[in-house]
Amino acid sequence: MNDARTADASAVTLPETAAAHPDGTGPARGRRAAGGGAVGPVALVVAGALSVQFGAAVAVLLIPRAGALGVVSLRLALAALVLLAVCRPRLRGHSRSDWGTVVAFGAAMAGMNLLFYQAIDRIPLGAAVTLEVLGPLALSVVASRRVVSLLWAALALAGVVLLSGGGFDRLDPVGAGFALGAGAMWAAYIVFSARTGRRFPQADGLALAMAVGAVLSLPLGVVEAGTRLLVPSTLALGLAVALMSSVLPYTLELIALRRLPAGTFAVLMSLEPAVAALAGFLVLRQALSVTDAAAIALVVAASVGAVRVRTAR
C-alpha cells in the first residue's frame, strides 16, 4: 500500500481531502498553486509513490524472515512510534464519536495491510496493487453517480480479466482474493481517513490510527514470528519498510497537498499499479508479460478516468 500503502492514498477518490487540510487549502487555492510551480508538488507525490512501492518490494524480501503478519506488525508498530514521537497528538478533549472514527480508521488500516501483505506473499507486486486499486475505483464510481463512470468500471473489469488470463488460478486465487479484500479495506480506509482528518488537527488522527492498527496487528505478528521479530537485521529492515511505506510518503503527500489540487493528486495516485510493477521488476525481478502490462495499463487508465470524472464535479 500501499500499501501497500498504509496507504497509502487517502485522497485517491475524495477531493475533500485537500479542503480538510489544516491550512485551509481548497480547490481554488490549489488551482492557483498548480498554475505556477506545480512541478515541485508533483515531484513530491511521485517520490512518495515510489517510496511506498519500493518499500513494499523490500517487505517482500523481509517476509521469509518474519512472515507476512510479522512484517505488517513491524511496519505499523515502528511507523506508529515515529509518528507519535513527531506529532505528539493530544489525547484529551475528543468525543466518543471522534475516538470511534479513529479506531475505525486504524482497523481499516490494519486490515488493508494484513490482507495486502498476504497477497504480495503469493502473487507479483504489480498484479496485487492492480487488484487492490479496484477498491478505491469502485468507491469513485459509486460516489460519482454518473453513467460515464460505468464505462471506466467496464474498462477496469476488462483489465482485471486480462490480468487473470481468464481465471485467477494463473495468479493463485488465494493471493488474488487477498488483494481484492485489501482493495475493499482501502475503500474503507479512504472514507475513515477523510472523517478523521476533519475531526483531528494536522496529522494527529493519522498517528493515533496508526497506533490502533499496530495494537490490532501486533498479536498476530507475535504469534506468527515470535522472537524472530527482535532479530536486529529484521528490525532494521522493518524500520526501513515503515519509513519507506508510511512515514516518508505521508510527509511528502502532506506537503504536496498544500500546493496541489486534489484532482491532480488523485490522478497521480492512480498510477500506483504501474509504479508497483516497476518496483517489482527492479527489486524482485518480477518481469511482466505484454498481457500483464496491457492489463495494468487498462486499470490505470480506468482509475485516472474515474478520478477525473469525480473531481470535475
Side-chain angles (χ1 to χ4, degrees), residues 1-12 41-87 109-110 112-121 124-126 128-129 132-133 182 186 189 193 203 206-207 209-211 213-214 217 221 225 229 231-257 265 268-269 271-286:
M1 148 297 198
N2 307 102
D3 53 32
R5 277 114 93 200
T6 354
D8 330 58
S10 60
V12 168
V42 168
L44 292 177
V45 175
V46 172
L50 289 170
S51 182
V52 166
Q53 300 306 335
F54 278 86
V58 174
V60 173
L61 299 176
L62 183 57
I63 285 175
R65 296 189 181 198
L69 300 179
V71 173
V72 173
S73 300
L74 280 178
R75 172 185 168 177
L76 294 182
L78 294 173
L81 289 176
V82 173
L83 288 174
L84 289 173
V86 172
C87 299
M109 185 185 300
M112 177 178 65
N113 280 278
L114 289 168
L115 291 169
F116 181 74
Y117 277 66
Q118 291 286 351
I120 62 176
D121 190 29
L125 181 59
V129 175
E132 186 193 27
V133 84
W186 190 357
Y189 169 93
S193 173
L206 173 63
M210 189 76 73
S217 63
L229 294 176
V231 175
S233 58
T234 300
L235 282 172
L237 285 173
L239 180 60
V241 172
L243 293 175
M244 293 174 66
S245 294
S246 296
V247 179
L248 180 59
Y250 289 153
T251 303
L252 295 177
E253 289 165 11
L254 182 65
I255 296 171
L257 268 170
F265 176 83
L268 291 170
M269 293 302 293
L271 303 177
E272 291 272 353
V275 178
L278 175 64
F281 174 72
L282 294 178
V283 179
L284 304 172
R285 300 291 183 244
Q286 294 174 344

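Just so it is clear, the model here is predicted, and its values are computed rather than measured.
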Does the side chain of [Y] come within less than 4.5 Å of [X]'s, by heavy atoms?
X: Val129; Y: Val275; result: no
X: Met109; Y: Leu206; result: yes
X: Asn113; Y: Leu76; result: yes
X: Leu74; Y: Leu235; result: yes
X: Val60; Y: Val71; result: no
X: Trp186; Y: Val133; result: yes

query = Stepwise, does the side chain to side chain contact (heavy atoms under 4.5 Å, CB included) test hold for Arg65 with Val231?
reply = CA-CA 9 Å; Arg65 296 189 181 198; Val231 175; 5.7 Å; no
ask   = Rounded to the nearest 0.5 Å, how far does CG of Leu237 lie from CG of Leu62?
value = 5.5 Å
note = d(Leu50 CG, Met244 CE) to nearest 0.5 Å is 9.5 Å
Could you report the tightest heavy-atom contact between [X] and [Y], atom names first, then the distance?
X: Gly55; Y: Val241; answer: O-CG2, 3.9 Å
X: Leu243; Y: Pro249; answer: O-CD, 3.6 Å
X: Leu239; Y: Leu78; answer: N-CD1, 3.4 Å
X: Ala279; Y: Gln53; answer: CB-O, 3.7 Å
X: Phe116; Y: Ala56; answer: CE2-CB, 4.5 Å
X: Ile120; Y: Ala128; answer: CG2-CB, 3.7 Å

message = Checking side-chain contact (heavy atoms from CB on, under 4.5 Å) between Val247 and each of Leu252, Val82, Leu81, which is the one that passes?
response = Val82
message = For the backbone of Leu69 and the side chain of Ser73, can you confirm whether one donor and one acceptor N or O come within less than 3.5 Å of each other?
response = yes
